[in-house]
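These notes concern the structure reproduced below.
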Amino acid sequence: MRKIKSYVVKGGRPLEGKVDISGAKNAVLPIMAASLMARSPVLLQRVPRIHDVDIMLEMLEALGAACSWEDAYTLRISPPSELGVTAPEKLLREMRASILVVGPLLAREGKAIVTPPGGCNIGPRPIDFHLKGMEALGAEIVEGDGQIVFTSPRLTGAEVMLDYPSVGATENIMCAACTASGKTVIHNAAKEPEIIELQNFLNLMGARVKGAGTDRITVYGVEELHGTEYTVIPDRIEAGTYLIAGAITGGDVLIQNVIIEHLESTLAKLAEMGYDIQRGSDSVRIKAARRGRAIGVRSMPYPGFPTDMLPQMISLLSLAEGVSMVYESVFASRFKHVDDLIRMGAQIRTEGRLAIITGVDRLRGTTVRATDLRAGAALILASLAAKGQTTVENGEHIDRGYEDVVGKLRGIGVEITES
Ligand code: UD1
């Protein structure tokens with residue numbers, strides 16, 4: 001069980017310095033799950049030390065894989081000759097991405113037993129697209145007693161049409177199709193960079209996948225997959241969050257070890273607000289000499305503005321000049337932190353998925369509570385700019401996806417402690 005903790009921040013000063021970005025949470029989680037399909041060990045480098053990785057590691061071990069840290073960021077995963085097929089309910093409840101073991105388990109063992117997943121508290125997150133995909137590949141699915149049992153002696157390649165470009169469903173179906181007989185085509189696939197990374201990783205394991213990064217992914221089934229070595233890409237959401245830390249405090253921050261292309265939608269919005277953005281080959285610097293201007297933002301699947309950056313953007317727009325309109329198109333409830341922002345002095349009105357933000361000159365510190373990972377990050381950002389001290393309770397949500405948040409923020413001049 002995770003320790004409940006609070007982050008205490010003394011805000012109000014411009015931040016300066018450098019931040020090194022860690023490996024991407026949303027890349028490493030599906031890749032860890034896919035490792036279960038390998039018949040020999042997998043070595044993953046630049047694995048972020050975050051709580052969600054710990055949960056996936058626990059999941060892999062529960063299914064029989066031996067996992068060990070070779071050094072701080074290098075993880076060895078050795079799947080056994082026969083995997084367990086029941087994913088523990090506790091882990092599924094704690095993290096939605098646990099559902100990503102279904103495809104790999106079906107591919108290798110012809111069976112997977114799960115309970116409906118939980119995870120971040122951002123509205124309903126059904127798994128119907130995952131179920132439809134597995135069914136299209138020939139899996140028999142029986143639901144009952146709170147369990148979902150997937151069975152198929154060997155999956156068969158098929159045309160799969162996704163109703164929505166779901167990231168997790170695309171990943172699960174890609175994995176399941178790797179050792180199916182024949183060819184699978186996923187139409188209306190998600191185009192996120194993490195999908196391209198999963199394709200790269202699967203191909204290193206001996207799979208034949210192409211088309212990731214477009215809305216049509218083709219998988220030619222192979223007999224079996226083997227171990228490999230792979231280095232995780234940088235986390236574009238962590239990078240975006242620290243860019244906003246620079247912007248919201250009127251600071252000057254250099255974000256290092258990033259893939260600029262993955263940040264374009266966030267950088268475009270920051271530039272539109274009037275911030276000075278300087279791109280390096282694998283770094284980006286934000287200089288925020290003046291208050292940003294109000295803008296409109298709508299979250300969309302990649303390459304649109306990421307839903308995972310929307311709460312942080314709302315914190316920044318709370319202090320912009322003018323009235324901003326923010327629309328969340330992916331999840332039902334991305335505005336859980338808005339009441340706390342209002343208590344800090346923000347002027348925000350929400351109507352369903354729309355937030356109308358009238359920028360104020362200043363926020364003030366108080367006690368607030370993180371309800372999920374990105375809402376928590378957004379409250380930390382608000383606290384950096386707020387006058388006085390802010391306590392962010394339930395800070396453990398932030399540790400799910402941000403490595404060493406105290407160390408990284410102190411590195412750019414933040415007075416922050418955890419308790
Ligand atoms: C992934 C990311 C998460 C990000 C999200 C959208 C990981 C580990 N997590 O989550 O950080 O916020 O993509 O970019 O990569 N949906 C259904 N039925 C399904 C599946 C999804 O209705 O079977 C809906 C969801 O409720 C949501 C939308 O589709 O409204 C997008 O969800 P999806 O892309 O699947 O998100 P995740 O893979 O869960």
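Atoms within each ligand, like the ligands themselves, are counted from 1 in listed order.
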Q. So, does Ala190 sit close enough to ligand 1 that a heavy atom of it is under 4.0 Å from the ligand?
A. no
(Q) Is it the case that the side chain of Thr115 and the backbone of Gln147 share a donor-acceptor pair, with hydrogens and angles ignored and the cut-off at 3.5 Å? (A) no
(Q) For the 3.5 Å polar cut-off, considering only N or O atoms, please tell me whether Ser166 and ligand 1 meet it. (A) yes
Q. Which is it for Arg96 and ligand 1 at heavy atoms under 4.0 Å: side chain, backbone, both or neither?
A. side chain
Q: Please check if atom NZ in Lys5 has more than 12 non-hydrogen atoms from other residues, nucleotides or ligands closer than 6.0 Å.
A: yes
(Q) Quick check on Arg353: does its CZ atom have over 12 non-hydrogen neighbours (other residues, nucleotides or ligands) under 6.0 Å away? (A) yes
Q: Would you check whether Pro165 has a nitrogen or oxygen atom less than 3.5 angstrom from a nitrogen or oxygen atom of ligand 1?
A: no
**Q.** Closest to atom 31 (C) of ligand 1 among Val330, Ile195, Ile99 (heavy-atom distance)
**A.** Val330
Q. Does Val167, backbone or side chain, put an N or O under 3.5 Å from an N or O of ligand 1?
A. yes
Q) Can you find an N or O of Asp128 that's nearer than 3.5 Å to an N or O of ligand 1? A) yes
Q. Do the non-hydrogen side-chain atoms of Leu225 and Arg108 ever get within less than 4.5 Å of each other?
A. no
Q: For ligand 1, note which part of Tyr164 has a heavy atom under 4.0 Å away: side chain, backbone, both or neither.
A: side chain
Q) Looking only at heavy atoms, is any part of Leu100 under 4.0 Å from ligand 1, and if so is it the side chain, the backbone, or both, or is it neither? A) neither
Q: Ignoring angles and geometry beyond distance, decide whether Leu29 reaches within less than 3.5 Å of ligand 1 through its nitrogen or oxygen atoms.
A: no
Q) Just wondering, are more than 12 heavy atoms of other shown residues or ligands nearer than 6.0 Å to CG in Asp145? A) no
Q) So is there a nitrogen or oxygen of Glu171 less than 3.5 Å from a nitrogen or oxygen in ligand 1? A) no
Q) Has Glu194 got any heavy atom lying under 4.0 angstrom from an atom of ligand 1? A) no
Q: Step through the shown structure and confirm whether more than 12 heavy atoms of other residues, nucleotides or ligands are within 6.0 Å of CZ on Arg343.
A: yes
Q | Sub-4.5 Å side-chain heavy-atom contact between Glu194 and Arg236 | A | yes
Q.
Counting only nitrogen or oxygen atoms and a 3.5 angstrom limit, does Gly168 reach ligand 1?
A. yes
Q: Answer side chain, backbone, both or neither: which part of Lys132 comes under 4.0 Å from ligand 1, heavy atoms only.
A: neither
(Q) Using a 4.0 Å cutoff against the non-hydrogen atoms of Thr307, which atoms of ligand 1 qualify? (A) 6 (C), 12 (O), 14 (O)
Q: For the pair Glu94 and His51, evaluate side-chain hydrogen bond (donor to acceptor under 3.5 Å, both in side chains) and give the outcome as yes or no after the intermediate values.
A: CA-CA 11 Å; Glu94 215 177 328; His51 188 66; 3.2 Å; yes
(Q) Please check if the number of heavy atoms outside Gln278 that lie under 6.0 Å from its CD is greater than 12. (A) yes
**Q.** ligand 1 contacted by Arg334 (non-hydrogen, < 4.0 Å)
**A.** yes
Q) Is Arg208 positioned over the aromatic face of Tyr220, cation under 6.0 angstrom from the ring centre and no more than 45 degrees off axis? A) yes
Q.
For the 3.5 Å polar cut-off, considering only N or O atoms, please tell me whether Ala169 and ligand 1 meet it.
A. no
Q) Within a strict 4.5 Å, meaning less than it, do heavy atoms of the Ser35 and Phe201 side chains meet? A) yes
